[in-house]
Visitor: 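Before I ask anything, here is the structure I am working with.
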Amino acid sequence: MASETSDLEVTKPLFRERHEAAPARPRSSGEAAHQERVLTTRIGLHMPTGLSFEDWEKAGRQISGLVNASTWWLGDWLVYGKEHYTDRYQRGIKSAGLQYQTLRNYAWVSRRFEFHRRRSALSFQHHAEVASLPVPEQEIWFDRAERNNWTTKQLRNAIGAARSDGGHDERQVEAKRQLSVPHSHVRCWHQAAQQAGSELEQWMLTTLDNAAERILAELE
């Protein structure tokens, strides 16, 4: 019978400390390794005694990078599953112990940005903030966020401020028109938006953008 492994036994070092004080007593190789490293486990982070500020700061940067990357990984993973295993991908999600609603949001953002358009200097959440915008506007806001070193909240506030000013941004004028739409259509759109894991307005903009891009590409 295979033995069970506890959460604490599954560890992965983030890095080995560079500056270690001379030990007061001899240590076994296993004990020394655990005291020299920041170790990740399934239930937490093991921090060694006497960790320097520089190494603590470095660990934070590495963890932040892993969190941001893993969000992209999960989104791309679900996109691949839906494209290749239409009848089985939900079983894979359950076996992985993941929340489908969360993954659906990740996948929606991942679909909006091909690899070559993803900005490594910006977080996944930065991309999520502009995902519903047309591609040219996404690039404009990305450039501003990078240039001004904006946080996600600052980017969101800047976009909101531009909209509240009537949409008269430096390169953008937003036109609004009232449309009369049958209730059955709206209900169908709501259902589609829910399945895509996004708000109705966001889903409508994305769907129209994709349709326009496809039609224009066919005309070229």
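These numbers come from a predicted model, not from an experiment.
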Visitor: Tell me, yes or no, whether the heavy-atom count around Glu57 atom CD, taken from other residues, nucleotides or ligands under 6.0 Å, exceeds 12.
Guide: yes
Visitor: Is the backbone of Ala131 close enough, under 3.5 Å, to the side chain of Gln138 for a donor and an acceptor to pair up by distance?
Guide: yes
Visitor: If you take all heavy atoms of Val38 and Pro48, which pair is closest and at what distance?
Guide: CG2-CD, 3.8 Å
Visitor: Does any part of the side chain of Phe124, heavy atoms only, come nearer than 4.5 Å to the side chain of Val109, both counted from C-beta?
Guide: yes
Visitor: Does any part of the side chain of Ser110, heavy atoms only, come nearer than 4.5 Å to the side chain of His127, both counted from C-beta?
Guide: no
Visitor: Can the ring centroids of His126 and Trp141 be said to lie less than 6.0 angstrom from one another?
Guide: no
Visitor: Is the side chain of Thr102 donor-acceptor paired with the backbone N or O of Leu98 at a distance under 3.5 Å, no angle test?
Guide: no
Visitor: Say you draw a straight line from OG1 of Thr71 to CG of Leu66; how long is it, rounded to the nearest 0.5 Å?
Guide: 10.5 Å
Visitor: Atom CG of Leu78 and atom CZ of Arg111: how far apart are they, to the nearest 0.5 Å?
Guide: 6.5 Å
Visitor: Which value, rounded to the nearest 0.5 Å, describes the distance between Ile159 atom CD1 and Ser132 atom OG?
Guide: 8.0 Å
Visitor: Does any pair with a residue in residues 80-91 pass side chain to side chain donor-acceptor pair (under 3.5 Å), and if so which ones, sequence neighbours excluded?
Guide: Tyr89-Tyr100
Visitor: Could you tell me whether the side chain of Leu122 reaches within less than 4.5 Å of the side chain of Glu146, counting heavy atoms only?
Guide: yes
Visitor: On a heavy-atom basis, which atom in Arg112 and which in Leu133 lie closest, and how many Å separate them?
Guide: NH2-O, 2.9 Å
Visitor: Do NZ/NE/NH1/NH2 and the carboxylate oxygens of Arg119 and Asp143 come within less than 4.0 Å?
Guide: yes
Visitor: So, using side-chain contact (heavy atoms from CB on, under 4.5 Å) as the criterion, who are the partners of Asn148 when residues are at least two apart?
Guide: Arg144, Trp150
Visitor: Would you check if the side chain of Gln125 reaches a backbone N or O of Thr152 as a donor-acceptor pair within less than 3.5 Å?
Guide: no
Visitor: Under 3.5 Å, is there a donor-acceptor pair between the side chain of Arg156 and the main chain of Glu129?
Guide: no
Visitor: Between Arg117 and Glu139, is a side chain to side chain contact (heavy atoms under 4.5 Å, CB included) present by the stated rule, with each step listed?
Guide: CA-CA 9 Å; Arg117 294 190 55 240; Glu139 297 301 321; 3.0 Å; yes
Visitor: Quick test of your reading of the model: are Arg37 and Asp55 salt-bridged, counting only N-O distances below 4.0 Å?
Guide: no
Visitor: Side-chain contact, heavy-atom cut-off 4.5 Å: Ser70 with Tyr106?
Guide: no
Visitor: How many angstroms lie between CG in Asn149 and CD in Gln154, if you round to the nearest 0.5 Å?
Guide: 8.0 Å
Visitor: Going through the checks in order, is the side chain to side chain contact (heavy atoms under 4.5 Å, CB included) test met by Leu39 and Leu45?
Guide: CA-CA 6 Å; Leu39 299 174; Leu45 195 67; over 6 Å; no
Visitor: Check the pair Val130, Glu137 against side chain to side chain contact (heavy atoms under 4.5 Å, CB included), reporting the backbone distance first and the verdict last.
Guide: CA-CA 8 Å; Val130 304; Glu137 293 179 34; over 6 Å; no
Visitor: I need the minimum non-hydrogen distance between Trp77 and Ala96, along with the two atoms involved.
Guide: CH2-CB, 4.4 Å
Visitor: Tell me, please, which residues at least two apart from Phe115 pass ring-ring contact (aromatic ring centres under 6.0 Å, His included).
Guide: none
